[in-house]
S.K.: 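Pasting a structure below so you can have a look.
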Amino acid sequence: MKQWVTNQDGLDKLRLVDAPEPSGLKEGEVLVKIHSVSLNFRDTEVCMGEYDHHKTIDTGSEVVPTSDCCGVVVKLGPGASDLLKEGDRVASTFCQTHLTGQIVEKDMASGMGLPLNGCLTQYRVFPAYGLVKVPDYLTYDQAACLPVAAVTAWMGINSFQPIGQPLRGKDKFVLLQGTGGVAVTGLQIAKALGLTTIITSSSDKKLELAKGLGADYTINYKNTPDWDEVVLNLTGGRGADVILECGGAQTLAKSFRCVAFGGLISAIGYVSGKEDAVSNRINANLLALCRNVTFKGIINGPKDRFEEVLRFYESERIEPVIDRTFEFEEADKALQYLFSGGHFGKIVVKVQ
Ligand SMILES: NC(=O)c1ccc[n+]([C@@H]2O[C@H](COP(=O)([O-])OP(=O)(O)OC[C@H]3O[C@@H](n4cnc5c(N)ncnc54)[C@H](OP(=O)(O)O)[C@@H]3O)[C@@H](O)[C@H]2O)c1
């Protein structure tokens, strides 16, 4: 079989190699024929050797990149039939051992696409507990979009809500940053929950697409660098109840200025940088306490929340937004395209 590998030394250095098809399944394992993979910003960092902010994860070694896939179970190991059967359509979970509750540090060792080999491969062995069954209405490509983007966006909104009782209501404002995988997925989820949405982008064209998905308000953060003031105006001076903080260095201080008093900022990403500018260093403690903000780090979510997301997707018939699909042989080009930031929503690689 074929699979992609990276030595974490550059997006132009990935290699498509021959590898033996896995055999000899152990207790509780299943073999999955992978149909579709979706890409995440993290995958580009792994391939460039820049995914270095978790101290439990070693960079530099050879690894099969990417974490998110959908495929079909083609073989069961001993004892795996308790959870799955041959022919089940399944999606991977991000940290394979994170099954419920808050993530703990040892779960980081089971991260797909680093430190574990990921899913840019034709066949992969999984522990049966590291997979979720996907609803029939989703195609392989669509379901592959969900493990990281949808679970992260869901947890960004609902991490303090009990399972089965997500945040709802038009009076609740959610701010989404940019129009990448997490933000567009978050927009779809927030709309389906009946929340009021504000989304930012550097592109008016992408903001038009966001309006097409039901975005209530849009802001071009390039033309309107003081977008935090616009958010305050749009919310009658109150601020956004929930902010999915995907931007990082260039957005966080502004998010603290336009979050509602007592609101939630979910710390998700750093697409605008990992280090604050020297001129912009108001202490985060002060920023959080001024408006009684909850600032919550998010590392994806557990398997039982992914299953909650899938039930919600099925009931609302949400279809993930796929910007572009690439053939398996073009997976390196797909990662470069993601890194260019030209996309709106998700990018998919068709494996077979
Ligand atoms: N914590 C977690 O569990 C978790 C899970 C998933 C992702 N993440 C992180 O979240 C971030 C987003 O991930 P992703 O997969 O959605 O990435 P992505 O699809 O590559 O998103 C890229 C988009 O980010 C937007 N962007 C860039 N600079 C921005 C800025 N200054 N302000 C607002 N938006 C900006 C751009 O949107 P426009 O083109 O519209 O301007 C760009 O298209 C990444 O840092 C990723 O590592 C974390």
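Atoms within a ligand are numbered from 1 in the order they appear, just like the ligands themselves.
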S.K.: Which residue holds the protein heavy atom closest to atom 21 (O) of ligand 1, what is that atom called, and what is the gap in Å?
M.R.: G180 CA, 3.4 Å
S.K.: If you measure every N or O of T251 against every N or O of ligand 1, does any of those distances drop under 3.5 Å?
M.R.: no
S.K.: Between T44 and ligand 1, which part of the residue brings a heavy atom under 4.0 Å of the ligand: side chain, backbone, both or neither?
M.R.: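 Neither part.
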S.K.: Answer yes when D216 and K170 have at least one side-chain N-carboxylate O distance shorter than 4.0 Å, and no when they do not.
M.R.: yes
S.K.: If hydrogens are left out, which of T179, V151, L39 has an atom nearest to atom 37 (O) of ligand 1, that is, the closest non-hydrogen atom?
M.R.: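 Result: the heavy atom closest to atom 37 (O) of ligand 1 is in T179.
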S.K.: Given a cutoff of under 4.5 Å between side-chain heavy atoms of I, L, V, M, F, W and Y, with clusters grown through shared members, what are the other residues clustered with I322?
M.R.: V348
S.K.: Could you tell me whether ligand 1 has any atom less than 4.0 Å away from a heavy atom of H343?
M.R.: yes
S.K.: Which residue supplies the protein heavy atom nearest to atom 45 (O) of ligand 1, what is that atom called, and how far is it?
M.R.: Y270 N, 2.9 Å
S.K.: Do D43 and T66 have side-chain N/O donor and acceptor atoms under 3.5 Å apart?
M.R.: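 No, no side-chain donor-acceptor contact under 3.5 Å.
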S.K.: Against heavy atoms of G178, which atoms of ligand 1 measure under 4.0 Å?
M.R.: 25 (C), 33 (C), 34 (N), 37 (O), 40 (O)
S.K.: What atoms of ligand 1 come closer than 4.0 angstrom to any heavy atom of S202?
M.R.: 38 (P), 39 (O), 40 (O), 41 (O)
S.K.: Suppose we screen for side-chain contact (heavy atoms from CB on, under 4.5 Å). Which residues come up paired with N233, at least two apart in sequence or across chains?
M.R.: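 side-chain contact (heavy atoms from CB on, under 4.5 Å) check on N233 returns nothing, list empty.
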S.K.: What part of Y221, side chain from CB on, backbone N/CA/C/O, both or neither, has a heavy atom under 4.0 Å from ligand 1?
M.R.: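 Near ligand 1, Y221 shows its side chain, while the N, CA, C and O stay back.
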S.K.: Need the ligand 1 atom indices (1-based, order shown) with element for anything under 4.0 Å from a heavy-atom of S201.
M.R.: 38 (P), 40 (O), 41 (O)
S.K.: Of all the non-hydrogen atoms in the protein, which one sits nearest to atom 15 (O) of ligand 1, and at what distance?
M.R.: F41 N, 3.2 Å
S.K.: With distance as the sole criterion, is a donor-acceptor pair present between the side chains of R15 and N7 under 3.5 Å?
M.R.: yes
S.K.: Which of the atoms of ligand 1 are close to G269, meaning less than 4.0 Å from one of its heavy atoms?
M.R.: 9 (C), 10 (O), 11 (C), 45 (O)
S.K.: I'd like to check which ligand 1 atoms, numbered from 1 as shown, lie under 4.0 Å from a non-hydrogen atom of S272.
M.R.: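 The atoms of ligand 1 under 4.0 Å from a heavy atom of S272 are 31 (N).
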S.K.: Among N40, L176, L244, V271, which one has a heavy atom closest to atom 12 (C) of ligand 1?
M.R.: V271
S.K.: For the residue pair T200 / Q177, report whether a side-chain donor-acceptor contact shorter than 3.5 Å exists.
M.R.: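 Side chains of Q177 and T200: no pair found under 3.5 Å.
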S.K.: With backbone taken as N, CA, C and O and side chain as the heavy atoms from C-beta onward, which portion of I299 lies under 4.0 Å from ligand 1: side chain, backbone, both, or neither?
M.R.: backbone
S.K.: Does any non-hydrogen side-chain atom of I157 lie less than 4.5 Å from one of I189?
M.R.: yes
S.K.: Among protein heavy atoms, which sits nearest to atom 5 (C) of ligand 1, and what does the distance come to when rounded to 0.1 Å?
M.R.: T152 OG1, 3.2 Å
S.K.: Is T196 reaching over with its side chain to a backbone N or O of F173, donor-acceptor style, under 3.5 angstrom?
M.R.: no
S.K.: Taking the six-membered ring where the residue is Trp, are the ring centres of Y313 and Y137 under 6.0 Å apart?
M.R.: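 Distance test on ring centres: not under 6.0 Å, no.
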S.K.: Answer yes or no: is there an ion pair linking K172 with D241, defined by an N-O contact shorter than 4.0 Å?
M.R.: no
S.K.: Determine whether the side chains of Y270 and E45 contain a donor N or O and an acceptor N or O closer than 3.5 Å.
M.R.: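 Result is yes, a qualifying pair exists.
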S.K.: As an exercise, identify every atom of ligand 1 less than 4.0 angstrom from a heavy atom of V148.
M.R.: 5 (C), 6 (C)
S.K.: Can a donor-acceptor pair be found between the side chains of S266 and K296 at a distance below 3.5 Å?
M.R.: no
S.K.: Starting from atom 3 (O) of ligand 1, which protein heavy atom do you reach first, and at what distance in Å?
M.R.: N300 N, 2.7 Å
S.K.: What residue and atom, counting heavy atoms only, is the protein's closest point to atom 48 (C) of ligand 1, and at what distance?
M.R.: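 For atom 48 (C) of ligand 1, the nearest protein heavy atom comes out as I268 O, 2.9 Å.
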S.K.: Would you mind checking which non-hydrogen protein atom is closest to atom 2 (C) of ligand 1, with the distance to 0.1 Å?
M.R.: I298 O, 3.5 Å
S.K.: Looking only at protein heavy atoms, which one is nearest to atom 16 (O) of ligand 1, and what is the separation?
M.R.: V182 N, 2.8 Å
S.K.: Between R311 and E308, does any NZ, NE, NH1 or NH2 come within less than 4.0 Å of an OD or OE carboxylate oxygen?
M.R.: no
